[in-house]
Amino acid sequence: MGALPFAVLISGRGSNMLALERATRDGRIDGRIVSVVSDRPDAAGLDAARRLGLETAVLEPVPAMGRDEYGRRLSEILERSGAQLVALAGYMRILEGAFVRRWQGRLLNIHPSLLPAYRGLHTHRRVLEAGEGNHGCTVHFVVEELDAGPAVIQGRLAVRPGEGEGTLSARVQRLEHIIYPRAVGWFAAGRLTWLGGAALLDGCAPGPEIVEEDA
Ligand code: GRF
């Protein structure tokens with residue numbers, strides 16, 4: 001089959017992109033990153049990707065470019081790169097329907113909550129405000145509805161008494177850097193598939209795998 005060519009979409013620091021790249025080098029992912037695409041030219045992750053010798057591209061939304069046009073151009077960049085999987089990693093734009101349909105089953109995202117709880121932004125703050133006992137992160141297939149696609153794997157932790165947003169988000173990120181490479185590794189190995197709106201691991205859909213913080 002050969003190593004899976006995949007692309008990573010970022011808007012910021014790119015720590016998940018770097019975790020994925022590390023996993024391609026140490027064999028946890030039988031794949032290679034063929035393109036790192038950002039919607040922001042100043043994303044710190046772009047420099048980090050360039051330093052690693054990865055191909056990068058910037059597709060900045062301009063007011064004249066509607067969401068459909070943006071999606072078309074993004075697809076062109078990704079098709080040209082040869083990517084067979086697209087991993088959203090801190091990519092802050094909502095992708096329009098035609099784009100999502102075109103990449104359906106080949107489009108993953110990492111979200112900083114235990115979906116279906118806390119879709120959307122500012123998850124750490126909202127979790128703390130609600131006094132939740134558990135929090136974490138989820139890798140899921142992307143569907144048109146925001147943060148609603150089937151979950152593949154989750155990282156879970158217990159919120160500590162009196163914990164602030166800073167430490168909580170750092171702990172969640174450490175889990176992100178474990179679960180995202182694992183999910184992409186499964187996809188590259190042909191173990192993770194999409195079937196009619198469900199995520200299958202080794203042909204079954206038992207619900208997402210859970211990784212506990214201290215496991
Ligand atoms: C992560 O927390 C991810 O869950 C969210 O955006 C953040 C991206 O961080 N979608 P990084 O750019 O990968 O460091």
Side-chain angles (χ1 to χ4, degrees), residues 6-25 28-29 31 33 35-52 54 56-60 74 85-95 99-100 103 107-128 132 134-157 159 163-185 199 208-211 213:
F6 68 101
V8 186
L9 268 51
I10 64 169
S11 298
R13 201 160 43 139
S15 71
N16 279 286
M17 177 271 297
L18 294 172
L20 291 169
E21 196 275 339
R22 266 194 307 279
T24 64
R25 276 187 287 123
R28 280 174 294 149
I29 298 175
I33 297 178
S35 188
V36 174
V37 185
S38 172
D39 59 332
R40 303 184 47 148
D42 59 348
L46 279 175
D47 281 334
R50 288 187 196 113
R51 279 196 295 275
L52 288 167
L54 299 175
T56 60
V58 175
L59 182 61
E60 220 179 338
L74 183 57
L85 170 74
V86 177
L88 308 182
Y91 185 69
M92 295 307 287
R93 278 182 68 81
I94 296 175
L95 293 161
F99 179 91
V100 172
W103 291 91
L107 188 57
L108 292 173
N109 181 43
I110 183 138
H111 180 80
S113 79
L114 294 170
L115 290 174
Y118 299 98
R119 296 179 184 177
L121 296 173
H122 310 303
T123 56
H124 309 308
R125 191 196 315 159
R126 287 158 57 210
V127 160
L128 289 172
E132 298 283 357
N134 290 306
H135 185 35
C137 45
T138 305
V139 176
H140 64 95
F141 279 107
V142 175
V143 297
E144 286 185 52
E145 192 183 344
L146 189 66
D147 299 329
V152 171
I153 183 169
Q154 295 189 311
R156 187 165 62 192
L157 54 74
V159 179
E163 181 155 32
E165 215 178 313
T167 63
L168 185 59
S169 69
R171 290 169 66 209
V172 170
Q173 276 236 314
R174 273 197 294 279
L175 281 171
E176 293 181 4
H177 300 164
I178 295 168
I179 67 168
Y180 214 176
R182 202 171 293 179
V184 173
E209 290 255 331
I210 310 279
V211 175
E213 183 177 47

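Start at 1 and go down the list; that is how both ligands and their atoms are numbered.
Ligand 1 has a nitrogen or oxygen under 3.5 angstrom from a nitrogen or oxygen of Ser15. Backbone and side-chain nitrogen or oxygen atoms of Ile110 are examined, and one is located within less than 3.5 angstrom of a nitrogen or oxygen of ligand 1. Between Asn16 and ligand 1, at least one pair of N/O atoms sits closer than 3.5 Å. Checked by distance only, ligand 1 and Gly14 come closer than 3.5 Å through their nitrogen or oxygen atoms.
Counting only heavy atoms of the protein, atom 8 (C) of ligand 1 lies nearest to Gly90 CA, 3.5 Å. Residue, atom and distance of the protein heavy atom nearest to atom 9 (O) of ligand 1 are Gln173 NE2, 3.0 Å. At the top of the distance list for atom 1 (C) of ligand 1, counting protein heavy atoms only, stands Glu176 OE1, 3.1 Å.
Under the 4.5 Å side-chain criterion, counting only non-hydrogen atoms from C-beta, Val36 is not in contact with Glu21. With a 4.5 Å cut-off on side-chain heavy atoms, Arg126 and Thr123 count as touching. Side-chain contact between Leu107 and Phe99 is present, with at least one heavy-atom pair separated by less than 4.5 Å. Contact check for Glu60 versus Asp39: no side-chain heavy atoms found under the 4.5 Å cut-off.
Not a single ring pair (Phe, Tyr, Trp, His ring centres under 6.0 Å) links Phe6 to another residue, sequence neighbours left out.
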Enumerate, atom names and distances included, each donor-acceptor pair closer than 3.5 Å involving a side-chain atom of residues 43-51, sequence neighbours excluded.
residue	atom	partner	partner atom	Å
Asp47	OD1	Arg50	NH1	3.1
Arg50	NE	Thr56	OG1	3.4

